[in-house]
Structures are given as C-alpha cells and as structure tokens.
Amino acid sequence: MSQRTAGYRLPTDWPTTEAEATAVQLSLRERVERYADESVEGPAVGTGTVVGVDVAYDDERDVVAAAAVALDGGTLEVLASATAVGRVAFPYVPGLLAFREIPAVLGALERLDRTPDLVVCDGYGLAHPRRFGLASHLGVLTGLPTIGVAKNPFTFRFEAPGPRRGDWSPLLDGGEEVGRALRTRDGVKPVFVSVGHRIGLAAACAHTLALARDYRLPESTRRADSLCREALRAG
DNA sequence: GCGACAG
DNA sequence: ATCTTGTCGC
C-alpha cells in the first residue's frame, strides 16, 4: 500500500527563491524511479487512462489556470476532466518551470475523478539541466508514471530524425542521451520526449506516438491546453 | 561579461 | 506562455 489514497498534495514549503527551488530539485531528484530505456515495465501502450495536464496564464491578473484531461488510451476519447484556478506561485525561469506550474496542476489532478495510469506533461522530465524537469517533479510528488513531451529542444542538441512518423534521433546534453526528438507526423517537425517517473524512454515514445495519432502533439496535451485556456477566461 | 533558454 | 487575421497549401 501507499501509492496514494488521500489525494495529491503540494509540499507546504514551496520555494519562493531560485536558490531554494534549485535545492529542492537536487534533493527530490533522488526519488525519481528510473527504468531502463527499453524496459517494458510501466503503463501499457494503447490502454488504460492517460491524463494530459497543461497550464495557462494571465500575468495581468496574476492568475493561473490548470487542466487535467483523462483519455481512454485506446480510443483517445475523453473520459473526464477537471480544472483549477489560482494565483501564480513562481516566475518563469528556464529550468524552474515546475515551480510555476505544479501547484495549479496538482489542484486539477485533485479534482479529477480518475486515477491516471500515465500523466503526460507539456515540457520536459529527465531532459533538464539538473535532470529533474516538470514531468520528473510531478511524478515524484504524485507517485504516478509521467512523461514530458515538449515542443522545443530547450538547450539540447539533436540531429534531424528521418522524415516519417515514428522516426527519431537522440536528444543530447553533451554526450548524454536525455530524451528523443520524435517525429509524430510525416514531414512535420518533431516533438521532444523525455521520461519523468516510473517509465522507460522507448515506452514514453511509444505512448507519445499512440497519443499523437491525428496531430503533431499528443491528444492529451491538446485537450488539456484548450481546456485550461477556457478555464482562464471563465475564472 | 554575453547569449541561450521547457512554458 | 502571450500579443493576434488572414492566408497559402494539401
């Protein structure tokens, strides 16, 4: 026992400075469960409940809105969704995105009446300056399997993958492979996949391809993106 | 010191 | 992230 029964909760000591935030990352990264790249452990592809999370901001009003959308991993149909609106908890600082997004994301997950088999984040996991991006952080705080699917290569390098859907190339930080540039649509620019918690890199890419069946981005993040924007207007 | 920099 | 219409192309 002890996966979670009482909901997700935000640590009471949420950082307010960059130094504190960085220290938290260095500490929590020890708690990430890493699987081998080709590991078949973790959530099965094409089944179960996949949850996409995303956040939208209105810096004018200092308001943030998050959304969590649960999809059927096989049909990609929406099963349930939830949103949370609050105050911006941290400024945007490259490498510290999690401190800005996670408070609101946990609120939305809390209100979601489903237990995710996998959570898909809009951003990075392992592919991070300190190997502890948004997806890694959310995974550690919730205990759930997580992956990060980003739209930009951040500070990393990569050779263009082949032109077809499914083609990929290593995403590199120096000589270390921290993720993959994965083509989800023929002839369209790739997305950048990295593992968060309790999943391997090949499985993370397989899930991404299954979710990005009709568009470049995973259906989970597309639904979460539109929903949090809608919630931002309303809230 | 300068430039780059997930969302 | 966000400011923002139409438009070229399959």
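Chain naming here is simple, since letters A, B, ... match the order of the sequence lines and numbering starts at 1 in each. Since we're looking at a predicted model, the values are computed, not measured.
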Please give, in whole Å, the distance from C:dT2 P to A:R233 CZ?
10 Å

Pick base, sugar-phosphate or nothing for A:L96, based on heavy-atom distances below 4.0 Å to the nucleic acid.
base

When all nucleic acid strands are considered with a 4.0 Å heavy-atom cut-off, which category describes A:G148: base, sugar-phosphate, or nothing?
nothing

Please determine whether side chain to side chain contact (heavy atoms under 4.5 Å, CB included) holds for the pair A:W168 and A:V193, giving the CA-CA distance in whole Å, both sets of side-chain angles, and the decisive distance to 0.1 Å.
CA-CA 10 Å; A:W168 60 271; A:V193 181; over 6 Å; no

State whether a side-chain donor-acceptor pair under 3.5 Å links A:Y57 with A:E101.
yes

Aromatic ring proximity, centroids under 6.0 angstrom, A:H128 and A:F154:
no

To the nearest angstrom, how far is A:Y57 atom OH from C:dT2 atom C1'?
12 Å

A:Y92 atom OH is separated from C:dT2 atom P, nearest whole Å, by 13 Å

Cation-pi check for A:F192 against A:R180: NZ or CZ below 6.0 Å from the six-membered ring centre and within 45 degrees of the axis, yes or no?
no

Have a look at A:D59 and say if it touches a base, only the backbone sugar-phosphate, or nothing, with a 4.0 Å heavy-atom cut-off.
nothing

Can you give the dot-bracket line for DNA chain C, where a pair is Watson-Crick or G-U wobble with both atom distances under 3.5 Å, crossing pairs use [ ], and | marks a partner on another strand?
..........

side-chain contact (heavy atoms from CB on, under 4.5 Å) test vs A:Y124 passes for just one of A:V149, A:L171, A:I147, namely A:L171

Between which nucleotides of DNA chain B, read 5' to 3', does contact with chain A run, using atoms under 4.0 Å from its heavy atoms?
B:dC5 to B:dG7

May I ask you to decide whether A:R61 forms a salt bridge with A:D58, counting only side-chain N to carboxylate O separations under 4.0 Å?
yes

Is atom CZ of A:R165 surrounded by more than 12 heavy atoms (other residues, nucleotides or ligands) closer than 6.0 Å?
yes

Mind checking whether A:V105 and A:D54 have side chains closer than 4.5 Å, heavy atoms only?
no

What does the B/S/- profile of nucleotides 4-10 of chain C look like, 5' to 3', with a 4.0 Å heavy-atom cutoff to protein?
-------

Are any non-hydrogen side-chain atoms of A:R222 and A:R216 less than 4.5 angstrom apart?
no

If you compare all heavy atoms of A:T49 against all heavy atoms of A:T115, which two are closest, and at what distance to 0.1 Å?
CB-O, 4.1 Å

Select base, sugar-phosphate, or nothing to describe what A:A127 touches, counting heavy atoms under 4.0 Å on all strands.
nothing

Are A:D186 and A:R164 close enough for a salt bridge, meaning some N to O gap below 4.0 Å?
yes

